[in-house]
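Heads up, the thing below is written out as structure tokens.
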Amino acid sequence: MSRMRRRLIRTWALTVAAWLFVLAVSFPLIWMLASSFKSPTEITAVPPRLLPDALYLGNYEALFAGDFWRWFMNSIIVASGTVVIVIVLGTLGAYSLTRFSYPGQKATSTAILFTYLFPSVLMLVPLFLIIVELRIMNTYWALILADMTFAMPFSLWLLRSYFLSVPLQVEEAAMVDGASRFACFFQIVLPQVMPGIISTGIFAFILAWDDYLFASVFTTTAEMKTLPVGIARYANELNAEWGILMAASVSVTVPVLVLFAFLQRRLLPDLNAGAVKA
Amino acid sequence: MPAEHAPSFGRSNGSELRLDRLVKRFSRGEPAVQIDELRIRAGEFVTLVGPSGCGKTTTMRMIAGLEDPSEGEIYFGGKPVVDLSVQRRNVAMVFQNYALYPHMRVSENLEYGLKKRGVPRAEREVRVLAVARMLRIDGMLDRRPRQLSGGEQQRVALGRAIIRTPEVLLLDEPLSNLDAKLRTFMRAELVKLQRQVGCTTVFVTHDQLEAMTMSDRIAVMRSGRIQQFDTPQDIYNHPANLFVAGFIGSPPMNFIAGTAEGGGGGCTFRAQGLQLHVSDADCGGRLRPGDGRQVTLGIRPEHVGLDGGSGDLAAVVSVVELIGAEKYVFLESEAGELIARTNADARLQPGDRLFCRFQRGKIRMFDSTTERACVEPLA
Ligand SMILES: Nc1ncnc2c1ncn2[C@@H]1O[C@H](COP(=O)(O)OP(=O)(O)OP(=O)(O)O)[C@@H](O)[C@H]1O
Ligand SMILES: [Mg+2]
């Protein structure tokens, strides 16, 4: 067998294996999507079938007729607010951690990583007390504060490693060129850590978007519910409206997928290459 | 604008650079840099050389304003600048690893400094083009740094520095990342460029060939202190101390430790296997008198003549290296090991017994305890 042919077969085998793997991983998602278009009777049919007989839109109609858009907006506001605050505080914090030297700087970096190891449930009570004290119970601020607290340690750590990859000398060159520290930060450093900022933003967004625990505790009224809390009411101990639940799940997942698809292109080009000659 | 005309984008009037009792301490103990005085004339090309860790980069960073001196003052054309921030000093610096802005195109890299200084767009464009032509990077203005070769990146870094026609231009080993051929080429280019732009230039290098060929004057540093500041020729011919004598020149100067009797007009140098009368004329200056003191005789390899019959010092050839047009002959003698430089067709074999003859007028004498030259150059 010629080498060319062997290589071709290898490529094909690998491709098939990769696709099988993708299929296995995405099966629950496919099931979710298919089920959201099934009528209640078909969903519980035995034996189960993957594809619906007819495209049934009733689940979506029921979902959108309810409070869905209200919850959706709440989730968007909370997640976006979290992203903005995490990015602003995170970049400033990471810049400080990597560029200035002050007593306890190393300890701070390590302590930050440690706080990430605490499960969110542990922070529930302290956060609750703080939120009550600040009188922001049942507001967006309460959720943003809670999500931010949870997202911040990892974000700082992530951004820190991106900032570390920007050579100090590039900044010094800019300062010799006449750039102030602020100009340096915005014009020289930020563009180079952009992939890191986008990654951090996605991380914080998903964290806030998926949050059930904080949203269920820190909101008390129906109109403050976020998507995860809102759609949970379609499944209670008495019965589960599987069709609507699946439709809701699809509606929650799609915005995140769109966000990813949109930002992925910006994540790929590596702007850092070639800053300094190795 | 035809490319063959040297495009002018402005000329710096370069100002005198003076370091006055400049000290930098990073921690307690010996300072990293301690310079009593260094006065560099306007428009001069001065090279700092010295072994690794001797404080060259630290000195440059203090001049640029990236590092605050612990003590002392720096003057640009008479005005003190230590209290001026890095942004407000009119200096430019080329870093060893170039430190280009990776996210900007070459043209943006070049014009960034002008932009920060409020130069209007039209003038910026003219200057970018002029500098790019001068450095022959005008074909790659739209590329990003990572799309350039090392030599091209180096020229962009240089362009970014000179485009502002700074008073003082600092170059920290800018050629060390280039291959040997490009280095030789850039050496000449850099000198030509500096003459054209006219800014006072401080250049750091490890390579003494670069130092010798490019500079108006060389400052040799060791452990943060300047050992000698002089023209390349004077540094080579009249090293102020043993360190400079050994550091400048390749292969290095031969040293023979011994004693000197007499002085003032001439002395008798004695070492193991060697007795030599050294007159003032023999050592190219006026010997300081000193009876029976410990001295070190220095003689450069090219001033050691080899003779089969007679000479100053008997020696045995141990190794012969052919370096293109010449040969380095490693010798063993009672007075220690020596290196001689001869022409390539000299017929020599390891094991040959012969005599070294030290060229009169080229012998240098150093005090072994103070390590200083004990010869005053004749005016
Ligand atoms: N930021 C710093 N903190 C502490 N010590 C430093 C710092 N920068 C430099 N030093 C010390 O100061 C001395 C001089 O360093 P410098 O970088 O100026 O040497 P150099 O002559 O440029 O060496 P090289 O030829 O290797 O570049 C060294 O001993 C170095 O360890
Ligand atoms: Mg250095």
Side-chain angles (χ1 to χ4, degrees), chain A residues 87 91 94-96 98-103 105-106 159 161-201 263 265-278, chain B residues 57 60-61 63-67 84-104 106 108-119 143-154 156-157 160-161 163-164 166 168-170 172-174 176-178:
Chain A
I87 285 180
T91 47
Y95 187 76
S96 147
T98 52
R99 287 298 188 262
F100 303 115
S101 62
Y102 40 84
Q105 181 192 28
K106 267 254 158 58
L159 285 168
S161 64
Y162 274 92
F163 276 93
L164 280 177
S165 72
V166 177
L168 198 57
Q169 292 199 327
V170 177
E171 258 181 280
E172 289 181 340
M175 285 198 230
V176 173
D177 254 351
S180 64
R181 251 214 193 273
F182 269 99
C184 242
F185 181 73
F186 286 111
Q187 296 169 353
I188 306 297
V189 183
L190 275 196
Q192 291 183 65
V193 296
M194 212 26 115
I197 291 180
I198 293 173
S199 310
T200 308
L263 290 176
R265 232 163 32 95
R266 305 226 33 194
L267 274 172
L268 287 177
D270 186 12
L271 291 165
N272 288 324
V276 292
K277 200 143 164 34
Chain B
T57 299
M60 299 278 256
R61 290 173 57 85
I63 298 171
L66 292 168
E67 203 88 65
L84 284 185
S85 66
V86 48
Q87 292 91 352
R88 298 182 52 209
R89 293 185 200 186
N90 194 6
V91 297
M93 184 157 175
V94 175
F95 294 79
Q96 180 173 357
N97 50 21
Y98 314 146
L100 297 176
Y101 311 130
H103 57 294
M104 295 187 192
V106 168
E108 293 165 320
N109 264 280
L110 290 175
E111 72 170 353
Y112 189 73
L114 297 178
K115 228 173 181 170
K116 290 287 116 186
R117 281 173 166 75
V119 176
R143 293 206 216 151
R144 287 184 208 281
R146 65 160 180 274
Q147 298 166 315
L148 301 178
S149 74
E152 289 160 353
Q153 288 184 18
Q154 196 263 350
V156 175
R160 185 174 68 176
I163 196 167
R164 293 194 274 112
V168 174
L169 175 62
L170 305 172
D172 195 351
E173 305 196 33
S176 61
N177 277 328
L178 306 180

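A, B, ... follow the sequence lines: proteins, then strands. Residue 1 opens every chain.
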Given side chain to side chain contact (heavy atoms under 4.5 Å, CB included), test Asp177(A) with Lys115(B) step by step and report yes or no. CA-CA 9 Å; Asp177(A) 254 351; Lys115(B) 228 173 181 170; over 6 Å; no
Any idea which heavy atoms bring Ile188(A) and Tyr101(B) closest together, and the distance? CD1-CD2, 3.8 Å
Please give me the minimum heavy-atom distance between Tyr112(B) and Ala179(A), naming the atom from each residue. OH-CB, 3.6 Å
Side chain to side chain contact (heavy atoms under 4.5 Å, CB included) evaluation trace for Glu172(A) with Arg61(B): CA-CA 10 Å; Glu172(A) 289 181 340; Arg61(B) 290 173 57 85; 2.8 Å; yes
Arg88(B) atom CZ, over 12 foreign heavy atoms within 6.0 Å: no
Closest non-hydrogen atom pair between Ala173(A) and Ala99(B), with its separation: CB-O, 3.8 Å
Are more than 12 heavy atoms, taken from residues, nucleotides or ligands other than Phe182(A), located less than 6.0 Å from that residue's CZ atom? no
Output, in order, the C-alpha distance, side-chain angles, deciding distance and verdict of side chain to side chain contact (heavy atoms under 4.5 Å, CB included) for Leu66(B) and Gln169(A). CA-CA 10 Å; Leu66(B) 292 168; Gln169(A) 292 199 327; over 6 Å; no
Answer yes or no: is there a donor N or O on one side and an acceptor on the other, between the side chain of Gln87(B) and the main chain of Met175(A), under 3.5 Å? no
With side-chain hydrogen bond (donor to acceptor under 3.5 Å, both in side chains) as the criterion, how do Lys116(B) and Gln187(A) come out once you've worked through the C-alpha distance, each side chain's angles and the decisive distance to 0.1 Å? CA-CA 11 Å; Lys116(B) 290 287 116 186; Gln187(A) 296 169 353; 3.0 Å; yes
Minimum side-chain heavy-atom gap Arg164(B)-Val176(A) below 4.5 Å: yes
